[in-house]
Each structure stands twice: as C-alpha cells, then as structure tokens.
Amino acid sequence: MNPAPNLVLVGPMGSGKSSIGRRLAERFGLAFFDADREIEAQAGASVATIFECAGEADFRAREQVVLAGLLANEGVVIATGGGAVLDPRLRQRLHERGFVVHLHVDIPQQLARLARDRSRPLLASDDREAVLRRLAEVREPLYAEIADLRFDTAAMGAAETAAKLGHLLDARWRVAAPTAAGGTRP
Ligand code: S3P
C-alpha cells in the first residue's frame with residue numbers, strides 16, 4: 001500500500017487519462033481535474049489557440065503553473081497532458097505529490113482513438129504515426145521514471161479500464177494523510 005496525497009494519470013494522447021480519471025474520481029469519491037481544461041479556463045483560450053498564438057513554450061509554462069497548483073491539493077485525481085513529464089522539476093513534483101499511474105496505449109490503438117481529433121496541435125501533421133512514434137521515444141522513459149504503476153489500456157473501453165484499474169488501486173494506493181503546506185510524500 002503506497003500512500004500519496006493525490007492520484008495522477010500520465011501517458012500519451014489518446015491513452016484515456018481524462019475519461020478514466022473522471023471515472024476513477026467518481027469511484028473513490030474524489031474531485032477530478034483535467035490539467036488541459038484548467039489551463040484553458042485560466043487562459044480563456046483553447047490549447048490549440050495557445051499553441052498557435054503563443055507557442056508551445058508558453059503552453060508548457062502555463063502547464064507547469066496549473067499542475068503545481070493542482071498538486072498542492074490533497075485527495076484529488078488529476079489527468080495531465082501527454083507532455084507534462086517533459087520538465088524535470090514538474091516530473092519530480094508529480095512523483096512527490098501523486099501516486100502516478102502510467103496509462104499505456106500502443107501506437108495503432110492511439111491512432112484509432114485519435115482519428116477524428118482535430119483539437120491537438122501536435123497532431124496537425126500528415127504523418128500522425130511518425131509524430132506519435134517520435135513522442136513515444138522521448139516520453140515513454142519519462143513516464144516510466146515516475147510511474148508507481150503502469151497499466152496497459154489495450155483495446156478496453158474507458159469504463160472497463162477504470163473498473164480494472166480501480167480494483168488494482170484498492171490494493172496499491174490510499175490517500176495519504178494531509179501534510180503541512182503540501183509537503184512531499186514519504
Ligand atoms: C500534449 C497533449 C495534450 C495537450 C497538448 C499537448 C502533448 O493533452 O496537453 O495538446 O504534448 O502530448 P492530452 O494528452 O490530454 O491529449
């Protein structure tokens with residue numbers, strides 16, 4: 001049993017972080033936050049617009065601020081964006097303040113799930129498969145570095161994945177007792 005203040009989902013685009021996170025929050029009776037939606041609410045603009053008008057670096061800066069705020073909570077479920085693991089300090093904070101679940105999905109499944117998506121700026125390419133492979137090469141080791149648990153979403157839908165993962169988490173994770181001013185986990 002691994003106590004951590006929050007439950008944090010990391011993984012690539014299309015791994016189901018938001019839909020599974022929402023279901024897990026419901027199962028555990030916790031509040032759910034989607035980092036991308038919080039960034040959009042604070043910026044008053046969509047992720048795509050932030051990328052287009054201010055660039056990826058600006059988006060990453062916003063992502064760091066928003067996630068630092070979310071991680072100061074106790075007992076919430078957080079779905080991160082696929083690139084949240086890129087910054088080493090944020091990676092450390094995710095690990096300190098969360099039981100980190102790496103949702104894994106293979107590239108063909110990812111392509112299928114994202115086939116109709118036009119909202120993700122990094123996928124605005126003629127060769128989405130190449131983009132996803134390149135991102136995976138860089139990021140898979142980073143997800144693995146901070147993950148307390150790796151879960152393969154394979155061909156399951158969100159409801160089935162959340163049920164199976166929730167069951168595993170019953171034995172693996174419990175909400176840590178609150179620490180003064182959002183300290184680090186033991
Ligand atoms: C990104 C993933 C997106 C979003 C942004 C950048 C990435 O989130 O944060 O488009 O770098 O992989 P999802 O993983 O929720 O799609």
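Indexing begins at 1, ligand by ligand and atom by atom, following the structure's order.
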Visitor: Please list, in number order, the atoms of ligand 1 under 4.0 Å from a heavy atom of G81.
Guide: 8 (O), 9 (O), 14 (O)
Visitor: Is there a donor-acceptor pair under 3.5 Å between the side chain of R91 and the backbone N or O of V85?
Guide: yes
Visitor: In terms of hydrophobic clustering (I, L, V, M, F, W, Y; side-chain heavy atoms under 4.5 Å; direct or indirect links), are Y143 and V131 co-clustered?
Guide: yes
Visitor: Any donor-acceptor pair under 3.5 Å linking the side-chain atoms of E96 with those of Q92?
Guide: yes
Visitor: So, does R37 sit close enough to ligand 1 that a heavy atom of it is under 4.0 Å from the ligand?
Guide: no
Visitor: Should one rank G82, P121, S119, G11 by closest heavy-atom distance to atom 2 (C) of ligand 1, which comes out on top?
Guide: G82
Visitor: One residue to check: L122. Relative to ligand 1, which of side chain, backbone, both or neither has a non-hydrogen atom less than 4.0 Å away?
Guide: side chain
Visitor: Does an N or O from E63, backbone or side chain, lie closer than 3.5 Å to an N or O of ligand 1?
Guide: no
Visitor: Atoms of ligand 1 less than 4.0 Å from G83 heavy atoms?
Guide: 7 (C), 11 (O), 12 (O)
Visitor: Just to be sure I'm reading this right: ignoring hydrogens, which of R139, R62, R120, R60 gets closest to atom 12 (O) of ligand 1? Compare them by their nearest heavy atoms.
Guide: R139
Visitor: Check whether D34 reaches the backbone of D36 with its side chain - one donor and one acceptor, N or O, closer than 3.5 Å.
Guide: yes
Visitor: Just need the protein heavy atom nearest to atom 5 (C) of ligand 1, so name the residue and atom and give the distance.
Guide: V47 CG1, 3.8 Å
Visitor: Give a yes or no on whether V105 and M13 share a hydrophobic cluster (residues Ile, Leu, Val, Met, Phe, Trp, Tyr; joining criterion: side-chain heavy atoms under 4.5 Å apart).
Guide: no
Visitor: Using a distance-only test with no angle check, is there a side-chain donor-acceptor pair under 3.5 angstrom linking S18 and R23?
Guide: no
Visitor: So which protein heavy atom does atom 8 (O) of ligand 1 come closest to, and at what separation?
Guide: D36 OD2, 2.8 Å
Visitor: Any donor and acceptor pair, going by atom type alone, linking the side chain of E40 with main-chain N or O of V47 inside 3.5 Å?
Guide: yes
Visitor: Can you report which non-hydrogen protein atom sits closest to atom 14 (O) of ligand 1, along with the distance?
Guide: K17 NZ, 2.7 Å
